[in-house]
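Numbers restart at 1 for each chain; the letters A, B, ... are given by sequence-line order, proteins then strands.
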Number of protein chains: 2
Amino acid sequence: MSVQERKQRERAQRERLIVATARELAEQQGWDAVTTRQLAERIEYSQPVLYSHFRGKREIIGAVAIEGATELAAAIRAATATAPSPRARVTALARTYLAYAEHNPAVYDALFQLDGGLTFANDETPAPLKDAFAALLETLTEVAGDGIEPGLFTELFWSSLHGLATLSRAGRLLPEYADRRVELLVDRLAVL
Amino acid sequence: MSVQERKQRERAQRERLIVATARELAEQQGWDAVTTRQLAERIEYSQPVLYSHFRGKREIIGAVAIEGATELAAAIRAATATAPSPRARVTALARTYLAYAEHNPAVYDALFQLDGGLTFANDETPAPLKDAFAALLETLTEVAGDGIEPGLFTELFWSSLHGLATLSRAGRLLPEYADRRVELLVDRLAVL
DNA sequence: CTTGGTTGTCTAGCAGTGCTAGAATCGAGC
DNA sequence: GCTCGATTCTAGCACTGCTAGACAACCAAG
């Protein structure tokens, strides 16, 4: 292996370290605690090194978001794959989505609450984000109902999940209703 | 009127000026532009004056949020009052909610995206916030369906609206589906 | 009208933020 | 061992929210 190759490899590894450290720090202490100084200290480099990998903090958040989108898509596909019926698949999808948002709040924030400099619903949308939407579409298409475009239905179902995820995490919904909210969502929205 | 009364009145008026100016600035240039220095300059006082009215920036955001909750509740009640049928009322509610979020993005952010130091779904929740939820409840109760607690149904319907509002404003949903999303939401969720 | 004291306001500054220019250091190839 | 380009760090900028202490305005009493 050439010297150049080794350097490139080490550089890529350091970039992964930055993203992983940012994510860890955000999950532990919230995104406010992810300052460039704190992050630099944790990876044991100085601040300008961060800027040699990313244009700024936004891009770091964006990188965490893309990582999250990949995980979320995989989790949804895994959960729906083993479910035997359309109803079971939709329920699994909803529960998995909400569980991911609940257990990875910082990543979910990076995806949807913070500005990671990412675009959506157009050609420049990063592939992992489009794929996460595709994962939803795969399961939801079969319960969209007659004459309803799957994309339209998926947008609505996704919006409902997103609303539930954000409002419940902000403490704006009663925790004791959590399960029944999901049940009602599936019962009403999906055509079974 | 005593001197004390006059001072109290002037003080209250200045407080309203602060909130109104913060809101205006946020709608014009986003909340990031609402710095204590910028805000102080616009009201033609120095920064410490802001802190004699509010504990900090969070409380100013919270004040804008409460103003927004009051407006939103009124808008929903006005829109549903004239609608002749349950279906028309629910549709009016949904459209009004989403229109408010779209036309007052900074206020909506103050309510739900930013931390205004407000609590929800408990006893210490400010009255205007509880009342806004009550306004939703009034119209949605009649379409909750048999055996479904109105509060549970309202939480779900509200979550869906909130998800639609935030995702569509972030450019994550296709604009051309906007009307059909609302139509589908009402059709599926409400029991008519 | 002057004084005294309270109330209100402002100036100036702190510690922290994201980000960057230029100095210092490292290391690969001769 | 030396050179010189690539890499990394130090030190600093302009900005943020927030506040201590100096200053000014004002009202009541003499």
Only pairs at least two apart or in different chains count here, so list each side-chain hydrogen bond (donor to acceptor under 3.5 Å, both in side chains) that has a residue in residues 168-177 of chain B.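 As it turns out, the side-chain hydrogen bond (donor to acceptor under 3.5 Å, both in side chains) pairs with a partner in residues 168-177 of chain B, which skip direct neighbours, are E149(A)-Y177(B), D109(B)-R169(B).
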Scan for ring pair (Phe, Tyr, Trp, His ring centres under 6.0 Å) pairs involving residues 111-145 of chain B, sequence neighbours excluded, and state none if there are none.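 Qualifying pairs: Y108(B)-F112(B), F112(B)-W158(B), F112(B)-H162(B), F133(B)-W158(B).
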How large an angle, rounded to 10°, do the end axes of the helix from dC1(C)-dG30(D) to dC30(C)-dG1(D) enclose when each is built from five base pairs?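 Roughly 20°, once rounded to the nearest ten degrees.
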Donor-acceptor check, side chain of T125(A) to backbone of N122(A), threshold 3.5 angstrom: yes or no?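 Yes; at least one donor-acceptor contact below 3.5 Å.
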Would you say T166(A)'s side chain and G163(A)'s backbone share a donor-acceptor pair under 3.5 angstrom?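 Present.
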I need the [atom1]-[atom2] distance between [X] and [N], as an integer number of Å.
X: R11(A); N: dT8(D); atom1: CZ; atom2: C1'; value: 12 Å
X: K57(A); N: dT16(D); atom1: NZ; atom2: P; value: 16 Å
X: I60(A); N: dG18(C); atom1: CD1; atom2: P; value: 9 Å
X: I61(A); N: dT17(C); atom1: CD1; atom2: P; value: 14 Å
X: E10(B); N: dA25(D); atom1: CD; atom2: P; value: 16 Å
X: L114(B); N: dG17(D); atom1: CG; atom2: P; value: 13 Å

Hey, are [X] and [Y] close enough for a salt bridge, meaning a charged N less than 4.0 Å from a carboxylate O?
X: R16(A); Y: E10(A); answer: no
X: D131(B); Y: R77(B); answer: yes
X: D187(A); Y: R188(B); answer: no

Any base atoms under 4.0 Å from R14(B), or only sugar-phosphate, or nothing? Heavy atoms, all strands.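 Sugar-phosphate contact only.
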So if I take residues 26-37 of chain A and measure heavy-atom distances to DNA chain C, which residues fall below 4.0 Å?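 Correct list: V34(A), T35(A), T36(A), R37(A).
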What residues from residues 40-55 of chain A pass a heavy-atom cutoff of under 4.0 Å to DNA chain C?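 Hits under 4.0 Å, by residue number: Q47(A), P48(A), Y51(A).
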Nearest heavy atoms of V107(B) and G68(B), plus distance in Å: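 V107(B) and G68(B) have their closest heavy atoms at CG1-CA, 3.4 Å.
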Between T119(A) and E124(A), does a side chain to side chain donor-acceptor pair (under 3.5 Å) hold up when you go through it step by step? CA-CA 6 Å; T119(A) 63; E124(A) 291 172 30; 4.9 Å; no
Mind running salt bridge (charged side-chain N to carboxylate O under 4.0 Å, His left out) on R87(B) and E183(B) for me, showing each step along the way? CA-CA 10 Å; R87(B) 183 195 190 86; E183(B) 203 182 334; 5.8 Å; no
Name all pairs fulfilling the salt bridge (Lys or Arg N to Asp or Glu O under 4.0 Å) condition that reach into residues 111-121 of chain B, sequence neighbours left out, sorted by first residue then second.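 Applying salt bridge (Lys or Arg N to Asp or Glu O under 4.0 Å) to every pair that reaches into residues 111-121 of chain B, excluding sequence neighbours, yields R58(B)-D115(B).
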